[in-house]
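To start, the structure itself, in C-alpha cells.
Every chain is numbered from 1 and lettered A, B, ... according to where its sequence line falls, protein lines coming before strand lines.
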Number of protein chains: 4
Amino acid sequence: MSSISRRDPSHRPHTGRRRNEESRRAVLAATRDLVHTRPYREVTIEAIVAAARVGKRTVYQWWPSRAALLLDALVEDARVRVPLADPRAPFPERLQAFLTNTIAGIVGPEGSGPVLRALLAEAQSDPEARAAFRDGFIQHRRAALRQLLAEGQDAGVISARSDLDTLVDFTYGAIWYRLLTEHAPLDQSFARSIAAHLMLQGS
Amino acid sequence: MSSISRRDPSHRPHTGRRRNEESRRAVLAATRDLVHTRPYREVTIEAIVAAARVGKRTVYQWWPSRAALLLDALVEDARVRVPLADPRAPFPERLQAFLTNTIAGIVGPEGSGPVLRALLAEAQSDPEARAAFRDGFIQHRRAALRQLLAEGQDAGVISARSDLDTLVDFTYGAIWYRLLTEHAPLDQSFARSIAAHLMLQGS
Amino acid sequence: MSSISRRDPSHRPHTGRRRNEESRRAVLAATRDLVHTRPYREVTIEAIVAAARVGKRTVYQWWPSRAALLLDALVEDARVRVPLADPRAPFPERLQAFLTNTIAGIVGPEGSGPVLRALLAEAQSDPEARAAFRDGFIQHRRAALRQLLAEGQDAGVISARSDLDTLVDFTYGAIWYRLLTEHAPLDQSFARSIAAHLMLQGS
Amino acid sequence: MSSISRRDPSHRPHTGRRRNEESRRAVLAATRDLVHTRPYREVTIEAIVAAARVGKRTVYQWWPSRAALLLDALVEDARVRVPLADPRAPFPERLQAFLTNTIAGIVGPEGSGPVLRALLAEAQSDPEARAAFRDGFIQHRRAALRQLLAEGQDAGVISARSDLDTLVDFTYGAIWYRLLTEHAPLDQSFARSIAAHLMLQGS
DNA sequence: TATTAAACGAGACGGTACGTCCGGTCTTAAT
DNA sequence: ATTAAGACCGGACGTACCGTCTCGTTTAATA
C-alpha cells in the first residue's frame, strides 16, 4: 500500500529539514513531567532526553541551558492559564481573584510550583539564567500586579502614600518565600491575608 | 578489691582521637571563602577540600551534604554578627535598625548573600536540606522579627489589626525576592521603604 | 514496494558514533608505557586516563577491569612480535630459538616482563582476571610450545616417555619463577640450560 | 647529683609495657583466616585490624607492610608443617615424599596456597617485599630441594650431567605455575609426574 | 608502693584512587 | 538539513583504604 501512511504515534519519525514540532513538545512535556514527579537533582538533561525519546543534540540545539528549557516549559504552561478576573468587578474582588488565581496556578497537582522552584534554584548559579528569568517572567508578573494595584489606588482602596513597587515586592516576595522555604502553607487563606493587608493601608 | 572497677561496656565515654577543631574551622572558612569568590557551580566539595587542605573523608564524616555545610558556615557567621539595636530606643528607630542591619549583613563584601542564595538553591533540590534550613535559620529569624513587630503593635505604631506572620512574610519575602531575582537593588533605601510601609498599616 | 520497512528493533545494525580507534590505541599505549616506566602500584586507571588524554568513561566502557586492560595491551603487543623460527631448521635449533625469543620478548627494555608481572599479580586477587589470563594468553603459549616439543619427540630428540604437559610446565614454570621471584637472572644462558635439560631426557 | 645516673639512651634495656603476644597472634590468625576465606582484594589492613580486634597502630608498629605481615603468617605456618621424610629411605621414595608433602602443604583447606599467592602478588608491586620473600622463603626451599637432588645425583638416580639449579627451577617453577595460573590441577598426580621426569634424566 | 614510659584499642586525620554519573560536544546513519 | 542514537572528554561525586596521628587506658619494670 501507500508507504506514506506510516504515522505510528509510538514511532515518531524525524522529518529532516524543519524543526520537529513533535520533538519540541516531547521535550517540554518530559521536562514538566520530571520536574513534577522527581526531586530536582534527578531532573538531568539525560533523564529528559531519555523520557522524551529524543537525542541530546536536539535539546542542545534549541535550548542553551537547562534553565532556558525550564523557562520555556514554564511560559508554555503559563500561556494557558492566564489568570485574569472580570475587569468590571469592584477592586477588592479583582485583587482577591488575582491572588487566588496566582496561588492556585502555583500549588496543586498541575501547578507551576515545582518548575518555579527549579528555575529559581537554577538562576542562583547562572547569571544569564537569572537575567532571562527576571526579564522573561518576573517583570511581566510584576507589571501586571502593579497595574492592578494602581487601579486600587485610583479607587482609593490602597493608600496613595504607598509605593507600589514595594507593595508588589511584599506580595510576590511573600508568595515566593512560602513556596521556597515551606515555613508555612501557601494556600488561599494566605491569599486572603495578603489582600487584606495590602488594602489595610490607610484604612 | 577495689569495688570501683566499672567495666560497663556501655559506659565508654570516648575512645580514639577527638575531632580536630582546626579542620572544622578550615572547612567552614574555605566554604565561606569559595562561596564569596567563585560562581556557585564551582563551589564543589573537591574545591572546598583542596582549599581547606583537608581530606574528603573529614568533610563527609561531619556534614551529610553540601547544604548542611553551607548552613553550618552561615550560622557560624551569623553567630558572630548579632545585629541588635539599643533596646531603649523608640520603636521606629529599632525597626529601622533591624532592617538596616539585616540588609547590611546580606549585601556587601562580607555579607551572607552568596551563602544564602546557595543555600536556597540547594534547598530546592533536597527536601532534607530545606527542612534543615527552615528550622535552623529561617524560623529563628522570623521569630526575632515577629517579636520586634509585636513590640511595635504594643507601642501603637503598627496596626493592631495586622497579622504579624503576614507582615514577617512581607518583610523577609521582599528581601529574599530582591536577593534572588535581582529585579531591583537590595539596599538601605529599600530597608527604609519596608519600614515605612510596615508602619503605614492602619495609620 | 521494496519499502518493506524493516522496523525490527533487533535488526538495528548500528546507530550513533562508532568506537574511536584512536582512543583505544592511546589507552593501550599509555598502559604499556606506564607499566614499563613506573612501579606497578602507580599504574592506576587515573594515571592511564591522564596519560592517554581520555575520559574515564571511555576506559570503563571498553575494559571491565584493570586486568582486562593489561591483558589487552599484552596480546596487542604479542600480536606484533610473533617469534617463529625457520620451520626447516633441525629441532634443537628450533627449540633453542623458541626459548631464546620467548625470553628476549620478556626481558629487555621493550619486553613484556612488566606487563606479565602486573597481570599475574592482578590475577591473584581476581578469579575472573585469572580465567581470562589463562584462556587468553597462557593456554595459547602452552599449545605452541607443546606442539614444538611433540615435533622433538617425533624427531627422537626428546624422550618418548616424557609427558609433554609436564615438560611445558617445567619450561614456562621455570621462566615465570625467575621472572616473578628474581632469585636468579632470566637470560639467554638460562634459555640454553632449559633447552639442554629438555633434550637431556632419556638420552 | 651523681652524673652517672643519667641514662644513656642506648643503655636503656627496657621500660614500659611489653609486646602483647596475644595481639600478635590475633593479627596473624586474622590475616591467615582472611586470606583463606576472602578474595585477596578484600584482605585489607582495615579488615585484618577489625577481625583481630586490634588497633591499626599495633599492626604498623610490628610489621612494615602487608607483605611482611603475610610473610610472617606464612613462616609461622610453615614452621609447623616441616615436610621431611625418613632420611634412611631410598632416594626415589624420599623425593616422592618431599614433593607430595610440599604440594599437600599448599593445596587443601589449611594449605598455604592462598598466602603464597597473595605474597607473590604483593611482591610484584614492591621490590622490598620481593627481596624479603626471596631471601626469607624461596631460597630456603630451594636449598632444601637442591640438597635432596644432590643426594639423588650421588645415588645415580639423577643424571650427573644435570644442572641442579635448573632442576630446582623446573620443580618449583612448575608448582608455582599451576598454583598461580590454575591451568591444570596442582595435585598428587602432578607430584608423581614431576618426580618421574626429574629421575627420567639419563635413564 | 609509686612512678613512668612503652604499648595498647580506638578512631580521626590528610590523601589517593576507585567506579559512577552527568554535562556538553561530536560522529554516524537514517529520513 | 535535521534527527535519534550514542561515543567522546572532562570532571565532581561519595566510598574505601592507606599510613600517620592523637587520645586516654593498661601494664610492667624501675625507683
Self-check item: Donor-acceptor pair under 3.5 Å, D:Lys56 side chain vs E:dG9 base
Solution: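 There is none.
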Quiz item: Want to settle it: does A:Gly55 or C:Val49 sit nearer the 5' end of DNA chain F, counting the closest nucleotide to each?
Solution: A:Gly55
Quiz prompt | Residue met sooner reading DNA chain F from 5', once C:Ala52 and B:Thr44 are mapped to nucleotides | solution =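 Nearest-nucleotide comparison on DNA chain F picks C:Ala52.
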So, OP1 or OP2 of [N]: does either fall under 4.0 Å of a side-chain N or O from [X]?
X	N	answer
D:Ser23	E:dA7	no
D:Thr58	E:dG9	yes
B:Trp63	F:dG14	no
C:Arg53	F:dG10	yes
B:Arg18	F:dG24	yes
B:Arg66	F:dG14	no
D:Trp62	E:dA7	no

Using whole Å, report how far [atom1] of [X] lies from [atom2] of [N].
X	N	atom1	atom2	result
A:Glu42	F:dC13	CD	C1'	15 Å
A:Tyr60	E:dC22	OH	P	12 Å
C:Tyr40	E:dA17	OH	C1'	13 Å
C:Ile48	E:dC18	CD1	P	8 Å
B:Ile45	F:dA12	CD1	P	12 Å
D:Arg57	F:dC17	CZ	C1'	19 Å
B:Glu22	E:dC13	CD	C1'	12 Å
C:Glu21	E:dC26	CD	P	21 Å

Quiz item: D:Asp126 pairs by side chain to side chain contact (heavy atoms under 4.5 Å, CB included) with which of D:Gln124, D:Arg130, D:Glu122, D:Glu128?
Solution: D:Glu128
Self-check item: Contact nearer the 5' end of DNA chain E, comparing D:Arg41 with D:Asn20
Solution: D:Asn20
Practice problem: Taking all heavy atoms of A:Thr44 and all of A:Arg66, pick out the closest pair and write down the distance. | Solution: CA-NH1, 4.2 Å
Self-check item: Ring-face cation of B:Arg24 near B:Trp62 (centre distance under 6.0 Å, axis angle within 45°)
Solution: no
Tell me, yes or no, whether the heavy-atom count around [X] atom [atom1], taken from other residues, nucleotides or ligands under 6.0 Å, exceeds 12.
X	atom1	result
D:Glu21	CD	yes
C:Gln61	CD	yes
C:Arg57	CZ	no

Quick one: which of [options] gets closest to the side chain of [X]?
X	options	result
B:Glu46	E:dC22, F:dA12, E:dC8	F:dA12
C:Arg17	E:dA17, E:dC26, F:dC21	E:dC26
D:Val54	E:dG23, E:dG9, F:dA12	E:dG9
B:Arg19	F:dG14, E:dC8, E:dC13	E:dC13

